[in-house]
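So that the names make sense, note that chain A is the first sequence line, chain B the second, and so on, each numbered from 1. Every value quoted in this text rests on a predicted model; they were computed, and no experiment measured them. Scope of the values below: all heavy atoms of this structure, side chains included, with no hydrogens, waters or symmetry mates.
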Amino acid sequence: MRTPLFDLDHTLDSGQVFRWRREGEWWHGVVRGRYMRLRQDGDRLEVDGASEDMVAHYFRFDDDLEEIYADISKDERIASVIDRFRGLRLIRQDIWECSASYILASYSNVPRIKKMIDSVCRTYGQEIEEGAFSFPTPEEILEGEADIACCRLGYRADWLRGYASMVYSGEFDLYELATKDYRGAVEYLKSVKGIGDKVADCIALFSLDHLEACPVDVRIARAMRDIYGVTGSYNKVASYARRHFGRFAGYAQEYLYIAEDPSRKVRSCSCTPGTRSSGP
DNA sequence: AACCAGGTCTCGA
DNA sequence: TCGAGACCTGGT
């Protein structure tokens with residue numbers, strides 16, 4: 001299919017989704033229980049295992065990226081980051097998978113998050129293709145309670161089971177969640193053990209279409225301090241970012257996040273002599 | 001080998 | 001309402 005402005009590598013490598021892996025030029029993943037493969041060549045996207053409509057919805061091709069860039073380019077710094085990662089799009093994730101995944105993501109790092117989620121899928125999900133598992137439903141997680149230890153989730157295991165139980169019983173209603181506005185959704189989400197300000201913002205942004213949500217993790221906090229001189233409590237920094245970047249603040253956040261990736265970070269003048277602190 | 005990570009919880013002021 | 005500590009585990 002032909003795509004609007006889009007960069008598949010930047011999008012799948014930006015740390016918003018955890019279940020894609022690259023093999024050669026193909027990306028492999030499971031979305032809403034379907035195994036799919038993707039390959040990009042210029043503005044052509046080769047899709048295997050899903051309809052074009054589904055792909056367009058998933059990658060938010062309905063977002064006008066140029067309009068969003070124009071809107072969030074409030075200063076030179078963000079403009080240059082956008083320029084570096086042009087085509088990166090937010091992804092429209094499934095609400096249950098996204099929320100459960102970000103509960104596991106707390107106080108960890110992307111490689112480990114991927115492993116935890118992979119092992120949860122292997123332990124509780126269905127094998128839909130050889131080696132490819134679906135993300136388990138709340139019921140599937142509750143059924144195999146005894147196996148949780150082998151997923152190495154640490155203290156997040158109780159949060160995940162508790163959340164699965166709330167969703168399964170109907171105490172927490174994902175359909176009701178989807179009808180709420182940004183503030184209401186965040187407030188509702190925070191009633192779940194394991195979901196605080198940051199995870200609630202991730203869920204709002206990545207699965208509830210609240211593009212003004214601006215999750216502030218360590219990287220974003222660092223960027224906001226270094227670039228804008230903003231520090232302090234979560235809500236102080238996040239609300240500053242929402243005011244500064246406007247209604248698409250979540251997009252600005254994702255570009256700053258990928259730019260702060262330590263493995264991509266351009267090293268500034270480490271070759272300058274005389275600054276090493278070699279021992280006596 | 002320390003330090004750190006897509007933070008949250010609890011508790012005390 | 002806010003700040004301080006504790007916290008499973010594994011990556012770097």
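- Within 4.0 Å (heavy atoms only), A/Arg219 reaches sugar-phosphate atoms of the nucleic acid but no base atom.
- Ring planes of A/Tyr228 and A/His244: tilted class, angle from 30 to 60°.
- Position along DNA chain C of the nearest nucleotide to A/Ser106 versus A/Pro111 favours A/Ser106 as the more 5'-ward residue.
- An OP1 or OP2 oxygen of C/dG11 is reached within less than 4.0 angstrom by a side-chain nitrogen or oxygen of A/Lys115.
- The aromatic ring centroids of A/Tyr155 and A/Trp159 lie less than 6.0 Å from each other.
- Within the nucleic acid shown, A/Gly154 comes within 4.0 Å of at least one base atom, counting heavy atoms only.
- Between C/dG11, B/dA5, B/dG6, one nucleotide has an atom nearer to the side chain of A/Tyr257 than all others, and that is B/dG6.
- Atom NZ in A/Lys114 sits roughly 15 Å away from atom C1' in B/dA5 (whole-Å rounding).
- Ion pairing of A/Arg183 with A/Glu187 is absent here, as no side-chain N (NZ or NE/NH1/NH2) approaches a carboxylate O to less than 4.0 Å.
- Between A/Tyr188 and A/Phe172, the ring-plane angle classifies as parallel under the 30° and 60° cut-offs.
- Looking only at side-chain heavy atoms (C-beta outward), A/Phe61 and A/Thr3 come within less than 4.5 Å of each other.
- Contact annotation: the side chain of A/Tyr234 approaches that of A/Lys198 to within less than 4.5 Å [non-hydrogen atoms, C-beta and beyond].
- For the OP1/OP2 pair of B/dA5 and a distance below 4.0 Å, the side-chain nitrogens and oxygens of A/Arg222 include at least one atom meeting the criterion.
- For C/dT9, the base has no donor-acceptor partner in the side chain of A/Arg152 [N/O atoms by modelled type, under 3.5 angstrom].
- Residue A/Ile103 contributes atom CD1, which lies 17 Å from atom P of C/dC8 at whole-angstrom precision.
- Going from the P atom of B/dG6 to that of C/dG5 covers 23 Å, rounded to whole Å.
- Side-chain atoms of A/Tyr155 and base atoms of B/dG7 include a donor and an acceptor less than 3.5 Å apart.
- Separating the P atom of C/dT12 from that of B/dG7 is a span of 15 Å, rounded to the nearest Å.
- Across all strands shown, C/dC8 forms no Watson-Crick or G-U wobble pair with both distances under 3.5 Å.
- One interatomic measurement links the two molecules: CD1 of A/Ile220 to C1' of B/dG7, which rounds to 15 Å at whole-angstrom precision.
- Closest-nucleotide positions on DNA chain C for A/Asn109 and A/Ser233 were compared, and the one nearer the 5' end corresponds to A/Ser233.
- For the C1' atoms, the distance linking B/dC3 with C/dC8 amounts to 16 Å, nearest Å.
- When heavy atoms are screened at a 4.0 angstrom cut-off, A/Val192 is found touching the sugar-phosphate backbone but no base atom.
- Rounded to an integer number of Å, the gap from OH of A/Tyr107 to C1' of B/dC3 is 10 Å.
- One can place CD1 of A/Ile113 at 6 Å from P of B/dG6, the figure rounded to the nearest angstrom.
- Here A/Gly194 lies in heavy-atom contact (under 4.0 Å) with sugar-phosphate atoms only.
- B/dA5 and C/dA6: their C1' atoms are spaced 16 Å apart (whole Å).
- Among the heavy atoms of the strands, none lies under 4.0 Å from A/Tyr234.
- C/dC7 and B/dC4 have their C1' atoms separated by 14 Å, with the value rounded to a whole Å.
- Each of A/Asp217 and A/Ile195 was matched to the nucleotide of DNA chain B holding its nearest heavy atom; the match closer to the 5' end belongs to A/Asp217.
- Remark: aromatic rings of A/Tyr255 and A/Phe245 are distant, center separation not under 6.0 Å.
- As rounded to whole Å, 17 Å separates atom P of B/dG7 from atom CG of A/Leu160.
- With distances taken from any side-chain atom of A/Gln253 to the nucleotides B/dG7, B/dC9, B/dG6, the minimum falls on B/dG6.
- On a pure distance criterion of 3.5 Å, no polar donor-acceptor pair joins the side chain of A/Glu260 and the base of B/dG6.
- Among the protein residues, A/Val110 comes within range of the sugar-phosphate backbone only, with heavy atoms under 4.0 Å from sugar or phosphate atoms but none that close to a base.
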